[in-house]
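As the structure lists them, so they are numbered: ligands from 1, and atoms in each ligand from 1.
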Amino acid sequence: MDRGQLIELGTAMGALAATTPIAKPLPPALLTRRDSNAEMRWEAMAGQGYVVPRDRFFVRNHTQSPLVAADTWRLRLFGTGLRGAPSRADPVEFDLGDLRAMPAEETTALLECAGNGRRFFASQQAHPAPGVPWGLGAVGVARWRGVRLSTVLRHAGLTDAAVDVQPEGLDPDYVTGGVNLGRVRRPLPIGKALDDVLLAYEMNGRPLPTDHGFPVRLVVPGWIGVSSIKWVGPVEVSATALFSPWNTQFYRMFGPGHPVDGRFVTTTTVKSAFELPWDARIPAGAEVLLRGRSWSGNGPIRAVETSTDDGTTWHPADLDPADEGGVWQRWTTVWRPPGPGRWTLRARATDVTGTRQPDQARPNALGYLFDGIVRHPVTVG
Ligand SMILES: Nc1nc2c(c(=O)[nH]1)N[C@H]1C(S)=C(S)[C@@H](COP(=O)(O)O)O[C@H]1N2
Ligand SMILES: [Mo]
């Protein structure tokens, strides 16, 4: 057996030896389980600070969380975009100690699944899409600490010829419709890879939790969640374009108004959520302070408006000045319910590019990038 085969066998056995659907507890007050995924409940953010605590951060697993041993873990870079490590069997390797010895950076970044809000394509627009039926809770903000991907790529012998960087997860192969698509992996254009991407080993001040990619994951700010590969092991750096099902079959915009072969999805869209239970109970006869958050992959939020009369009139919400320029924006608005009964709350945000949430999101075959105004039901009395 040559060294390449040994490495393959080693990582395969490592991934197979121990996996769990989701490692952390899923208290129903914090998270809603959706198969191998878990959605944050928005009421669990009421009264919280800027970041989402680790216990309620959403989990999106194509398969299962692998229990990766930190001491034997290696980052393995290879490919035609590197000097002297063209083949997967003979990679440039770094262990956790190597990464920790490189200059560390900390960044506050938002992670959002491309399918966040997918269920509203069905419930509000009669246009259901396949996939995890997320409400608005497949999003979270955390403080990530790690080393820049660009730093590691340069240590690995990056050449000017590199065009794509493809990190690969150590979780089990993804099998769908009877077809084994291999490990979760998605090419990242070299421009983004060298810009602000982090190889993170800490989340909110502690080592990454198992479900969020221990020991090391990518964090790709502003881009859809699938870009931020968890439990990263091999990383291919290529002088020619790379392809995987995650940039050809999934995470492309297909359907009317989109190119026949779809459009590669990069940044997330603008959204807003109330920090309230779905169908919240609100006491009658008093003013209530409604809280929420808005965010956009285009950059900071400039304005948020709310409506409690089915979108007839809109009122500016008060933006928390502490969040100005941040990756999401907290806001509040005072509401005096006119009387008992069922009411619908709406919030719409405008981001730094002037993009405002539309009444209807543009449908697409796989239900990505829902940006429509969500009708949040509440019961007063
Ligand atoms: N290896 C691996 N990385 C992955 C995934 C996965 O299933 N396996 N899911 C991706 C998707 S679709 C999303 S939205 C984010 C979710 O990150 P989280 O589970 O830490 O919230 O991880 C991404 N990275
Ligand atoms: Mo995702």
Side-chain angles (χ1 to χ4, degrees), residues 11 14-15 19-24 26 30-40 51-68 73 75 109-118 129 131-134 136-144 166-176 181-188 197-204 207-235 244-247 249-252 265-269 297 366-370:
T11 50
T19 66
T20 179
I22 296 184
K24 69 182 174 187
L26 302 176
L30 303 183
L31 293 156
T32 304
R33 187 176 197 136
R34 303 194 185 283
D35 299 324
S36 59
N37 313 293
E39 171 164 2
M40 183 189 77
V51 302
V52 175
R54 297 150 53 105
D55 61 0
R56 63 206 67 184
F57 206 96
F58 83 101
V59 179
R60 165 66 176 123
N61 281 351
H62 280 73
T63 59
Q64 301 217 325
S65 293
L67 309 174
V68 179
W73 175 86
L75 191 69
L110 180 143
L111 269 193
E112 181 177 31
C113 188
N116 195 26
R118 178 181 284 125
V132 185
W134 302 112
L136 284 174
V139 64
V141 167
R143 273 183 300 112
W144 308 96
Q166 178 163 262
E168 195 174 299
L170 296 173
D171 37 340
D173 289 358
Y174 180 56
V175 179
T176 182
L181 300 177
R183 284 172 170 166
V184 178
R185 61 200 189 283
R186 189 178 202 242
L188 202 56
V197 176
L198 210 62
L199 279 166
Y201 43 71
E202 282 181 18
M203 177 184 190
N204 293 345
L208 285 183
T210 299
D211 298 313
H212 300 293
F214 182 86
V216 175
R217 78 173 303 163
L218 255 74
V219 172
V220 182
W223 283 34
I224 57 169
V226 72
S227 323
S228 295
I229 295 294
K230 305 191 275 189
W231 315 290
V232 56
V235 179
S244 88
W246 287 267
N247 74 335
Q249 237 178 296
F250 316 125
Y251 302 100
R252 294 182 79 85
V265 182
T266 57
T267 53
T268 59
T269 43
L366 300 178
Y368 299 132
L369 305 184
F370 185 89

Engineer: Taking only residues two or more places apart in sequence, or in another chain, which ones meet Thr267 in a side-chain contact (heavy atoms from CB on, under 4.5 Å)?
Structural biologist: Trp223, Asn298
Engineer: Atoms of ligand 1 less than 4.0 Å from Ser228 heavy atoms?
Structural biologist: 22 (O), 23 (C), 24 (N)
Engineer: Atom 10 (C) of ligand 1: which protein heavy atom is closest, and how many Å away?
Structural biologist: Val226 CA, 3.7 Å
Engineer: Go through ligand 1 atom by atom and flag the ones less than 4.0 Å from a non-hydrogen atom of Cys113.
Structural biologist: 14 (S)
Engineer: In the protein, what heavy atom is nearest to atom 23 (C) of ligand 1, and what distance, to one decimal place, separates them?
Structural biologist: Gly225 O, 3.3 Å
Engineer: What part of Arg217, side chain from CB on, backbone N/CA/C/O, both or neither, has a heavy atom under 4.0 Å from ligand 1?
Structural biologist: side chain
Engineer: Ligand 1 versus Phe57, non-hydrogen atoms closer than 4.0 Å: side chain, backbone, both, neither?
Structural biologist: side chain
Engineer: Taking non-hydrogen atoms only, is Tyr251 closer than 4.0 angstrom to ligand 1 via side chain, backbone, both or neither?
Structural biologist: side chain
Engineer: Is a side-chain N or O of Lys230 found less than 3.5 angstrom from the main chain of Gly169, in a donor-acceptor match?
Structural biologist: no
Engineer: Nearest protein heavy atom to atom 11 (C) of ligand 1, by residue and atom, and its distance?
Structural biologist: Arg60 CG, 3.4 Å
Engineer: Which residues pass the side-chain contact (heavy atoms from CB on, under 4.5 Å) test with Pro245, sequence neighbours left out?
Structural biologist: Leu181, Arg185, Gln249, Phe250
Engineer: Going by the order shown, which atoms of ligand 1 are within less than 4.0 Å of some heavy atom of Val59?
Structural biologist: 19 (O)
Engineer: Distance under 4.0 Å to a non-hydrogen atom of Phe58: what atoms of ligand 1 satisfy this?
Structural biologist: 14 (S), 16 (C), 18 (P), 19 (O), 21 (O)
Engineer: Of the choices Arg183, Lys230, His212, which has the non-hydrogen atom that lies closest to atom 4 (C) of ligand 1?
Structural biologist: Lys230
Engineer: Does only the side chain of Ala138 get under 4.0 Å from ligand 1, or the backbone, or both, or neither? Count heavy atoms.
Structural biologist: neither
Engineer: Got a second to check how far Asp35's CG is from Arg60's CZ, nearest 0.5 Å?
Structural biologist: 9.5 Å
Engineer: In ligand 1, which numbered atoms sit nearer than 4.0 Å to a non-hydrogen atom of Gly169?
Structural biologist: 1 (N)
Engineer: Under 4.0 Å from a heavy atom of Trp231: which atoms of ligand 1 are those, numbered in the order shown and with their elements?
Structural biologist: 1 (N), 2 (C), 8 (N)
Engineer: Roughly how far, to the nearest 0.5 Å, is CG of Leu26 from CD of Glu39?
Structural biologist: 12.5 Å
Engineer: Is there a side-chain contact between Val184 and Thr63 in this structure, where contact means two heavy atoms from C-beta onward sitting under 4.5 Å apart?
Structural biologist: no
Engineer: Tell me the closest heavy-atom pair linking Ile22 and Ser65, and the distance in Å.
Structural biologist: CA-OG, 4.3 Å
Engineer: Given side chains that start at C-beta, do those of Leu110 and Val139 come closer than 4.5 Å, heavy atoms only?
Structural biologist: yes
Engineer: Could you walk me through whether Ile229 and Arg183 pass side chain to side chain contact (heavy atoms under 4.5 Å, CB included), step by step?
Structural biologist: CA-CA 10 Å; Ile229 295 294; Arg183 284 172 170 166; over 6 Å; no
Engineer: For the residue pair Tyr368 and Tyr251, categorise the inter-ring angle as parallel (less than 30°), tilted (30 to 60°) or perpendicular (more than 60°).
Structural biologist: parallel
Engineer: Might you point out which heavy atoms bring Ala129 and Arg118 nearest each other, and give the distance in Å?
Structural biologist: O-CD, 3.8 Å
Engineer: Should you measure from each heavy atom of Asn61, which atoms of ligand 1 turn up under 4.0 Å away?
Structural biologist: 7 (O)
Engineer: Should Glu112 be counted as touching ligand 1, given the test is an N or O pair under 3.5 Å?
Structural biologist: no
Engineer: Please work out, at 4.0 Å between heavy atoms, whether the side chain, the backbone, both, or neither of Val184 comes within that distance of ligand 1.
Structural biologist: side chain
Engineer: Within a distance under 4.0 Å of any heavy atom of Asp171, pick out the atoms of ligand 1 and give their elements.
Structural biologist: 1 (N), 2 (C), 6 (C), 7 (O), 8 (N)
